[in-house]
Amino acid sequence: MTAPLFSGRARRSVAALGAVSAGLLLLSACDKPTPLATVTVGTSSVSTEAACHDGTELSPDKVQECLANSKDAKTVEYGRGDTLRLGVEPDVVEDGKKWQAVLDGQPITEPSANTYRSFPGADIFATGGQGEAPASKKLHIVQVGADGKPLAVWAFNIKLK
């Protein structure tokens, strides 16, 4: 008859240590999440990570693809005359970087180094008398580097109440 080399308690401790080590290894292999951008209308607020971000400058084709394909974009409802608020985390504007808002492919702001912009009473669904307003619009926040080249894109849907 042979005596066990490790007691049951020691085996469980070694197994637990192994599980923790494996978990830490898996976590270290994950990419750091991108900073969040937030859209707020009234008391409704949605935040998301960048839809397009690879840690380097985005090509013009990639930016156009990001602006066109916003399938998983979060949605916030907007009523005419509501205040639209846009915000980004401080990481987005570090080291000379800026961001700008793009509505349905058209820039609606100049690049900004502020982390927050507010548009009180803006009617983003105004048509200028040219037909019926669409039911929703795509809003993107585009991060640009100090050289003005795009680095990341966040996507949102704005739905008319």
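Residue numbers count from 1 along this sequence.
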Task: Connected via hydrophobic side-chain network under 4.5 Å: Val92 and Leu84 - done: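 Yes; Leu84 is reachable from Val92 via cluster members.
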I want to check something: taking the side chain as every heavy atom from C-beta on, are [X] and [Y] in contact at a cut-off of under 4.5 Å?
X     : Y      : result
Lys97 : Leu151 : yes
Ser45 : Val39  : no
Cys52 : Leu58  : yes
Leu86 : Leu139 : yes
Asp61 : Val63  : no

Calculate, to the nearest 0.5 Å, the distance between atoms [atom1] and [atom2] belonging to [X] and [Y] respectively.
X      : Y      : atom1 : atom2 : result
Leu36  : Asp91  : CG    : CG    : 9.5 Å
Arg117 : Arg85  : CZ    : CZ    : 14.0 Å
Leu103 : Phe125 : CG    : CZ    : 7.5 Å
Ser44  : Lys159 : OG    : NZ    : 12.0 Å
Ile158 : Glu77  : CD1   : CD    : 10.5 Å
Asp82  : Thr43  : CG    : OG1   : 9.5 Å

[X] to [Y] - nearest heavy-atom pair and separation:
X      : Y      : answer
Pro107 : Gln100 : CB-NE2, 3.4 Å
Pro111 : Val144 : CB-CG2, 4.3 Å
Gly87  : Ile141 : O-CD1, 4.5 Å

Does [Y] offer a backbone N or O that forms a donor-acceptor pair with the side chain of [X] under 3.5 Å?
X      : Y      : value
Glu89  : Pro35  : no
Trp99  : Asn114 : yes
Trp154 : Val88  : no
Asn69  : Cys66  : no

TODO: Output yes when Lys138 and Asp104 qualify as a salt bridge under the 4.0 Å nitrogen-oxygen rule, no when they do not.
DONE: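 No.
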Open item on the list: Walk me through whether Ser136 and Leu160 qualify under side chain to side chain contact (heavy atoms under 4.5 Å, CB included).
Closed with: CA-CA 6 Å; Ser136 67; Leu160 185 59; over 6 Å; no
TODO: In sequence, state the C-alpha distance, the side-chain angles, and the governing distance for Thr83 and Val41, and then conclude on side chain to side chain contact (heavy atoms under 4.5 Å, CB included).
DONE: CA-CA 6 Å; Thr83 298; Val41 177; over 6 Å; no
TODO: Count the heavy atoms belonging to other residues, nucleotides or ligands that lie under 6.0 Å from CG of Asp147, then report whether that count exceeds 12.
DONE: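 Check passes, neighbour count above 12.
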TODO: Report, as yes or no, whether the 6.0 Å neighbourhood of atom CD on Glu94 holds more than 12 heavy atoms from other residues, nucleotides or ligands.
DONE: yes
Open item on the list: Less than 3.5 Å apart, any donor N or O on the side chain of Asp54 or Thr56 sitting next to an acceptor on the other?
Closed with: yes
Open item on the list: One pair to check against side chain to side chain contact (heavy atoms under 4.5 Å, CB included): Thr75 and Val46. What are the steps and the verdict?
Closed with: CA-CA 7 Å; Thr75 300; Val46 292; over 6 Å; no
Open item on the list: Set out, in order, the CA-CA distance, both residues' side-chain angles and the distance that settles side chain to side chain contact (heavy atoms under 4.5 Å, CB included) for Phe119 and Ile124, then state yes or no.
Closed with: CA-CA 10 Å; Phe119 305 92; Ile124 64 172; over 6 Å; no
